[in-house]
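Both ligands and their constituent atoms are indexed starting at 1 by order of listing.
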Amino acid sequence: MSDRYSVSKAVVTGGAQGLGEAIALRLASEGLSVAVLDRNADGARATADRISSQTGSPVFGFGCDVSDRGQVKEAFAQAAEAMDGIDTYIGNAGITRDRMFHKLTDDDWDQVIAVNLTGVFEGLRAAAPWLRTEGPGRVVLISSIVAKAGNLGQMNYIAAKAGVVGLVRAGALELARFNVTVNGIRPGFIETPMTAAMTKEAYEATMTSNPLGRAGQPEDIAGAVAYLCSTDASFVTGHILDVNGGMAL
Ligand code: NAP
């Protein structure tokens, strides 16, 4: 592993596809061992196998629905056993259930909070026994540009993603004494299966309004995660990094 990293054992939630897959690939290509967790267990294992043969790093796939506390605890324990510990946690799994607030069902609210906020916290809690030990650690939590800028029809999602910013601030202070940094990323519009569902009009409106004139790619987020996990970022903690092509400055 390159000396650009002082950590070596990463868990990535929601890692079967999209941003999580790109993050897992990037960390494995930097020489870290990676555990890919996803509610799509077959997808997690297939992605892990693909990344492992592509990079030569040990990559493991486990089924885990982050909205189920028992599954989170069990999957993190399995990941720790496979990698002989955990020193890096990437809280990435997320969903959308978009509607204007007066049309949100109880389930729309509960599911999005359970996955995007409680699920991110549960991952941190499940990783605690390994993070709260001697030696460097890294936590990167995925928020969203809408936590800064707001958006129509996403009140549940925005509340959860703003909550993730709170987890970063609180986590940075609580884990600093263990030499663990805790940072967040607010991605802008990134082309993944999540955003493939956008209408052509919404896609074009997003593209034309981006100062850099393009949609973000999963590799743009993976690169930011790699930086925050590297030794270059060892004095950066409690920070929220906007990776969005200059939108909502
Ligand atoms: P994606 O393509 O939908 O991938 C998300 C992955 O997470 C999928 O494999 C999904 O499985 C999995 N997942 C969903 N719910 C889960 C759960 N309860 N437990 C474990 N895994 C679960 O989404 P993405 O675009 O890569 O987004 C990744 C993260 O970035 C999310 O937190 C999202 O909110 C955030 N984000 C994305 C963008 C963007 O423009 N793409 C912008 C800002 C923030 P299934 O396939 O079974 O659903």
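Looking at Thr47 and Val59, their side chains never come closer than 4.5 Å, going by heavy atoms from C-beta outward. The shortest distance between side-chain heavy atoms of Thr88 and Met83 does not fall below 4.5 Å. Looking at heavy atoms from C-beta onward, Asp87 lies out of side-chain contact with Arg138 at the 4.5 angstrom threshold.
With a 4.0 Å cut-off on non-hydrogen atoms, Thr195 touches ligand 1 through its side chain and not its backbone. Within the 4.0 Å heavy-atom criterion, neither part of Pro218 lies near ligand 1. Of the heavy atoms in Lys161, only side-chain atoms (C-beta onward) come closer than 4.0 Å to ligand 1. Contacts between Ile95 and ligand 1 below 4.0 angstrom, taking non-hydrogen atoms only, involve the side chain exclusively. Only the side chain of Val115 comes within 4.0 Å of ligand 1, judged by heavy-atom distances.
Chaining together hydrophobic side chains whose heavy atoms lie under 4.5 Å apart leaves Phe235 on its own.
Residue contacts with ligand 1 leave out Gly119, since none of its heavy atoms falls under 4.0 Å from the ligand. Ligand 1 is never approached by Gly43 to a heavy-atom distance shorter than 4.0 Å. The shortest separation from a heavy atom of Ala114 to ligand 1 is not under 4.0 Å, leaving the residue out of contact. Distances shorter than 4.0 angstrom do not occur between any heavy atom of Arg186 and any atom of ligand 1.
The shortest N or O to N or O distance between Pro187 and ligand 1 is not under 3.5 Å. For ligand 1, the polar-atom distance check against Asn92 finds a nitrogen or oxygen pair separated by under 3.5 Å. The shortest N or O to N or O distance between Ile190 and ligand 1 is below 3.5 Å. Close N/O approach between Arg39 and ligand 1 is found [any backbone or side-chain N/O within under 3.5 Å]. Below 3.5 Å of separation, one finds an N or O of Asp38 facing an N or O of ligand 1. Any N or O atom pair closer than 3.5 Å counts here, and Gln17 shares at least one such pair with ligand 1.
Taking the six-membered ring where the residue is Trp, the centroids of Phe76 and Phe62 are separated by 6.0 Å or more.
Other residues, nucleotides and ligands contribute at most 12 non-hydrogen atoms within 6.0 Å of the CD atom of Glu81.
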With a cut-off of 3.5 Å and sequence neighbours excluded, list every side-chain donor-acceptor pair involving residues 123-132.
unit_1, atom_1, unit_2, atom_2, d
Arg125, NE, Glu122, OE1, 3.4
Arg125, NH2, Glu122, OE1, 3.4
Arg125, NH2, Glu122, OE2, 2.9

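Those atoms of ligand 1 with a heavy atom of Ser143 less than 4.0 angstrom away are 44 (C).
No option in Val139, Ile185, Thr181 other than Ile185 meets the side-chain contact (heavy atoms from CB on, under 4.5 Å) test with Leu228.
With respect to atom 20 (C) of ligand 1, the closest heavy atom belonging to the protein is Cys64 O, 3.1 Å.
With hydrogens and angles left out, the side-chain atoms of Asp108 and Thr105 include a donor and acceptor closer than 3.5 Å.
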